[in-house]
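Take a look at the structure below.
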Protein chains: 2
Amino acid sequence: MPAAAYDIATSRPDAAPEFSPRQQAVLQHALTLLVEGGEKALTTAGLARTASCSKESLYKWFGDRDGLLAAVVAYQASQVHFPSEAGATADAATFRAHVTAFVEELLGVLFSETSLALNRLSIGQSNTNSNRLGQLLLERGKNMISARARAMLEAGRRHGLLKYDNAEDAYQVLYGLAIRDVHIRLLLGAASSPAEQDLKSQAKTAVDHFYRLFGA
Amino acid sequence: MPAAAYDIATSRPDAAPEFSPRQQAVLQHALTLLVEGGEKALTTAGLARTASCSKESLYKWFGDRDGLLAAVVAYQASQVHFPSEAGATADAATFRAHVTAFVEELLGVLFSETSLALNRLSIGQSNTNSNRLGQLLLERGKNMISARARAMLEAGRRHGLLKYDNAEDAYQVLYGLAIRDVHIRLLLGAASSPAEQDLKSQAKTAVDHFYRLFGA
DNA sequence: ACTCACCCGAACCGTACGGTACGGTTCACC
DNA sequence: GGTGAACCGTACCGTACGGTTCGGGTGAGT
């Protein structure tokens, strides 16, 4: 009986190691292949050759190809760390700076080639396999970020710096103001304009708009 | 020599017929397969069986599988028509109603299963084939819509109803306020919440926010 | 030195699918 | 009625890739 494929249900988002160093190295190779050539570039034979491991090991570790893909997503999600800066929300200026930094970080992550490749992969698979990859990306990626964002906004509201009814709605607006249609354009393969690469200015504009809507 | 595959370069967005009725019927079947099962459900043999045509005809009409996919995208893009309501921008209330209707229409199109399936397809292919599908979707879909939106907003600005520096930027904000992260969540296979299915209320909220930022 | 777990590399198998070829049918036009 | 174009259905081919198996090698523990 082969080892079970990576199982979305039994994995906890806070489980730290989850993969051995060797496995992480292989997953990093898989990620590189994915970024370079998309899903069809990530074949089991190709990965085994690139990562200098045997296909047997791949199947032993990840169960099957779907398990491998899920592992790649989980691995990359575990690599992304947002600095938890929700602590010092002392005065209005620093809080606003924190929000701006958060947005900039968000843009940086979402527009990175790695994130784009994984989103493309998950989206391409979203109508098969009972959609494990999409679920995984939503759980480990978007929901994590949104939870942290809501916590940050709530802190601002408690300090009387923001004003809104629903934290989730407020976050959604902030997200929309920051991302607009750039994400989908990049996912479709468009090149980002020079203005879109200036994440700092993008973030500032988005936060300016956000404060005009929800600033206290 | 087989017929040339559907060529993005020589096709004009305003070319009306482009496909014979029989071909359109086949493309409609292809679209159905695509919506139901994603890209891997659209095999040449499967489409030939479903649409009661021969594989030989498919290859004659569309060149190869990539040409078929491009034809599906082009066909569906030609089916989407936004009502051109930019004419009567008489008073403030009706203009705002037009903007709201536009946003609602935009949401309806982007969140439809058909649009989602085509976006998934194009995104999944965006790092292969020199990215013909992504280009096509951007040209025929997003750019068309954005051009129309800019025209509408410009009309509002000329009538002193809106105030902004850059029409494209303003449209981007409107887009972000309307779509937020719902599009990407749906692309990833998430089910839309009941609130998200109320397009009318979504559109109203987005336009409210938009006016607070850009209303004159 | 023996064993055992782990793993690499390569060969192998089955199958699904893109693409082609061919015989037979319909239908328009002469 | 003859002819040719368009097309359907089916059989067929080649290949790429997921998945399995096997022989050999390495290194830690006893």
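Labels below follow one simple rule: chain letters A, B, ... track the order of the sequence lines, proteins then strands, and each chain is numbered from 1.
- The phosphate of C/dC6 has neither OP1 nor OP2 within less than 4.0 Å of any side-chain N or O from A/Ser57.
- The backbone N or O of A/Asn131 lies less than 3.5 Å from no partner atom in the side chain of A/Ser126, so there is not a single donor-acceptor pair.
- Scanning both residues, B/Phe19 and B/Ala71, for their nearest heavy atoms gives CZ-CB, 3.7 Å.
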Going by atom type alone, with no hydrogens or angles, which donor-acceptor pairs under 3.5 Å involve a side-chain atom of residues 33-42 of chain B and a protein atom two or more places apart or on another chain?
| from | atom 1 | to | atom 2 | distance (Å) |
| --- | --- | --- | --- | --- |
| B/Glu39 | OE1 | B/Gln125 | NE2 | 3.1 |
| B/Glu39 | OE2 | B/Arg65 | NH1 | 3.2 |
| B/Glu39 | OE2 | B/Gln125 | NE2 | 2.9 |

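- Between the C1' atom of C/dT26 and the CZ atom of B/Arg22 lies a distance of 13 Å, rounded to the nearest Å.
- Rounded to whole Å, atom P of C/dC8 lies 8 Å from atom CG of A/Leu58.
- Regarding A/Leu69, its CG atom lies at a distance of 14 Å from the P atom of D/dC17, rounded to whole Å.
- Atom-to-atom, CZ of A/Phe62 to P of C/dC7 comes out at 11 Å; the value is rounded to the nearest Å.
- Taking a 4.0 Å limit (strictly below) on heavy-atom distances, residues 32-52 of chain A reaches DNA chain C at A/Ser52.
- Nucleotide D/dC17 holds its C1' atom 14 Å from the CG atom of A/Asp66, rounded to whole Å.
- Proximity note for A/Asp64 (side chain, C-beta onward) versus D/dG9, C/dC8, D/dG19: the nearest is D/dG19.
- Residue B/Trp61 places at least one side-chain N or O under 4.0 Å from the OP1 or OP2 atom of D/dC7.
- B/Arg140 and B/Gln76 form no side-chain donor-acceptor contact under 3.5 Å, judged by distance and modelled atom types alone.
- Note: OH (A/Tyr59) to C1' (D/dT21) measures 13 Å, nearest angstrom.
- Annotation: side chain of B/Ile184 is in contact with side chain of A/Ile123 (closest heavy-atom distance under 4.5 Å).
- The base of D/dG9 is not paired with the side chain of B/Lys55 by any donor and acceptor separated by under 3.5 Å.
- The side chain of B/Ser54 sits closest to D/dG9 out of D/dA6, C/dC8, D/dG9.
- For A/Tyr175 (side chain) and A/Arg180 (main-chain N/O), no donor-acceptor pair under 3.5 Å exists by modelled atom type.
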All N/O donor-acceptor pairs, side-chain side in residues 101-113 of chain A, below 3.5 Å, sequence neighbours left out:
| from | atom 1 | to | atom 2 | distance (Å) |
| --- | --- | --- | --- | --- |
| A/Glu104 | OE1 | A/Lys200 | NZ | 3.4 |
| A/Ser112 | OG | A/Val109 | O | 2.8 |
| A/Ser112 | OG | A/Ser115 | N | 3.1 |

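- With rounding to whole Å, B/Leu68 atom CG is found 15 Å from C/dC17 atom P.
- At whole-Å resolution of the value, CD in B/Glu56 and C1' in C/dG18 are 15 Å apart.
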